[in-house]
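Data first, discussion second: the structure below is written as structure tokens.
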Amino acid sequence: MTTPTASGERQQPGLDEQRAPAGASSWLVEARQFVAAVSRIAAKDSGARAALRSGVGKGLDDVPRMHRIVAPLLPGGVLRDPDGQRAFYTVAALIAAYHRHGALGPGEPSGQGEGDAARLAAAAGAEPDSGAGVPTQRAVRRAEAEHKRRERFGDSLGLAYAAAVGRGGWRGIRESAAETRLNLLCKQSTSGLHRHLPSAVRQLCDRNAVLDWARLLVDLRTWPQQRRRVARWWLQDYYRARAAADLAAALNADDSAAPTTGPAA
């Protein structure tokens, strides 16, 4: 594994396009492999799933049942990094407790997690069409660019909350509740984030939100050194996606309200 620079920029998702590596960071690749392995184990072995679930909300020294499963899956780069190890253990426990089978997130081999978050991410990065007759190639290019972005960086927790709000009604989360929860998470220390994360993940999974577990793992691993940067990514992703969804809804309403003109007599 490549050692991150002092700023951590070469290792983390969410960088400016011109400064980022050509593909997903090594941390994200490791995270996707770990998530896939844990998900397979939890799906096939109820005993292992229970052992992993026993670690929800607990620290490294309080999860003896998890070590048999998680320790062999840890990348070498975190063996001397307790904060890094805790990120892996936390995500493993959350997957076992709340994961919906087949929904792993972008870049994963099982279903890719394509859903509300993907559509919101695409909308957030798109410019409004200038009117009728816009070439279809523009939509194709947007879709291709969004696929590459998701493969390279994944979807942040902010996008998951934006998608949950966008579902509306009893199926989703109220906007005020999502903002309150997300802002609370963004203010936490490392230990505070690990303590508050289970209830946040449960809130999302109860609404059938698709979480990008690998991106969450990378962000947790990054949090001790770059908490403010990760928090900015989450909040920016949330508000950009919500603004794009509001704009799309307004445009759809205008289109529906526009009178239709019949053929000239």
Side-chain angles (χ1 to χ4, degrees), residues 1 24 26-113 115 117 154-157 160-161 164 181 184-185 188-224 230:
M1 172 184 155
S26 61
W27 281 20
L28 187 56
V29 171
E30 288 177 347
R32 286 171 173 166
Q33 294 170 346
F34 177 82
V35 166
V38 168
S39 299
R40 285 194 299 269
I41 293 170
K44 294 179 180 179
D45 186 340
S46 60
R49 185 166 63 252
L52 292 171
R53 196 165 54 236
S54 71
V56 171
K58 298 179 181 178
L60 282 177
D61 297 332
D62 301 315
V63 290
R65 296 176 62 193
M66 293 185 70
H67 298 312
R68 173 178 62 88
I69 304 156
V70 178
L73 302 177
L74 293 175
V78 299
L79 297 182
R80 298 176 182 269
D81 176 11
D83 285 334
Q85 288 186 40
R86 190 175 185 185
F88 283 86
Y89 275 78
T90 291
V91 169
L94 293 175
I95 289 173
Y98 305 119
H99 170 60
R100 293 185 297 111
H101 182 63
L104 302 183
E108 300 300 339
S110 177
Q112 305 295 316
D155 287 339
S156 74
L157 195 65
Y161 266 106
R181 178 78 70 170
L184 175 65
L185 292 173
Q188 298 303 314
S189 63
T190 299
S191 59
L193 181 62
H194 283 274
R195 186 170 61 253
H196 285 276
L197 200 56
S199 59
V201 169
R202 183 174 64 249
Q203 180 186 40
L204 288 166
C205 291
D206 283 348
R207 296 298 186 271
N208 292 322
V210 177
L211 283 171
D212 185 347
W213 298 107
R215 171 64 189 267
L216 179 60
L217 173 50
V218 171
D219 287 348
L220 284 177
R221 199 173 167 186
T222 308
W223 196 267
V230 177

[X]: partners by side chain to side chain donor-acceptor pair (under 3.5 Å), with sequence neighbours left out:
{"X": "S199", "value": "R181"}
{"X": "R195", "value": "none"}
{"X": "T190", "value": "none"}

Residues D155, R215; criterion side chain to side chain contact (heavy atoms under 4.5 Å, CB included); working and verdict: CA-CA 6 Å; D155 287 339; R215 171 64 189 267; 5.8 Å; no
Ring pair (Phe, Tyr, Trp, His ring centres under 6.0 Å) partners of residues 56-81, not counting sequence neighbours, each pair once: H67-Y89
Polar side-chain atom of W223 near backbone of Q188 as donor-acceptor pair, under 3.5 Å: yes
All side-chain contact (heavy atoms from CB on, under 4.5 Å) counterparts of R207, not counting sequence neighbours: I173
Side chain proximity check, D206 to Y98, heavy atoms < 4.5 angstrom: no
Heavy-atom check, side chain of L216 versus side chain of T90, under 4.5 Å: no
Flag if over 12 foreign heavy atoms under 6.0 Å of CG, D61: no
Test log, rule side chain to side chain contact (heavy atoms under 4.5 Å, CB included), inputs L157 and D219: CA-CA 9 Å; L157 195 65; D219 287 348; 5.9 Å; no
CA sep, side-chain torsions, deciding dist, call: T222, W27, side chain to side chain contact (heavy atoms under 4.5 Å, CB included): CA-CA 10 Å; T222 308; W27 281 20; 3.7 Å; yes
Working for side chain to side chain contact (heavy atoms under 4.5 Å, CB included), residues W213 and V201: CA-CA 10 Å; W213 298 107; V201 169; 3.6 Å; yes
Using a 3.5 Å cut-off and no angle test, enumerate the donor-acceptor pairs between side-chain atoms of residues 47-59 and protein atoms at least two apart in sequence or in another chain.
| from | atom 1 | to | atom 2 | distance (Å) |
| --- | --- | --- | --- | --- |
| R49 | NH1 | A42 | O | 2.4 |
| S54 | OG | A51 | O | 2.5 |
| K58 | NZ | S54 | O | 3.1 |

Between CD on residue Q203 and CG on residue L197, distance to nearest 0.5 Å: 11.5 Å
Quick one: side chains of residues 72-86, donor-acceptor pairs under 3.5 Å with protein atoms, not counting sequence neighbours, listed by atom name and distance.
| from | atom 1 | to | atom 2 | distance (Å) |
| --- | --- | --- | --- | --- |
| D81 | OD1 | D83 | N | 3.3 |
| D81 | OD1 | G84 | N | 3.1 |
| D81 | OD2 | G84 | N | 3.3 |
| Q85 | NE2 | V78 | O | 3.1 |
| Q85 | NE2 | L79 | O | 3.0 |

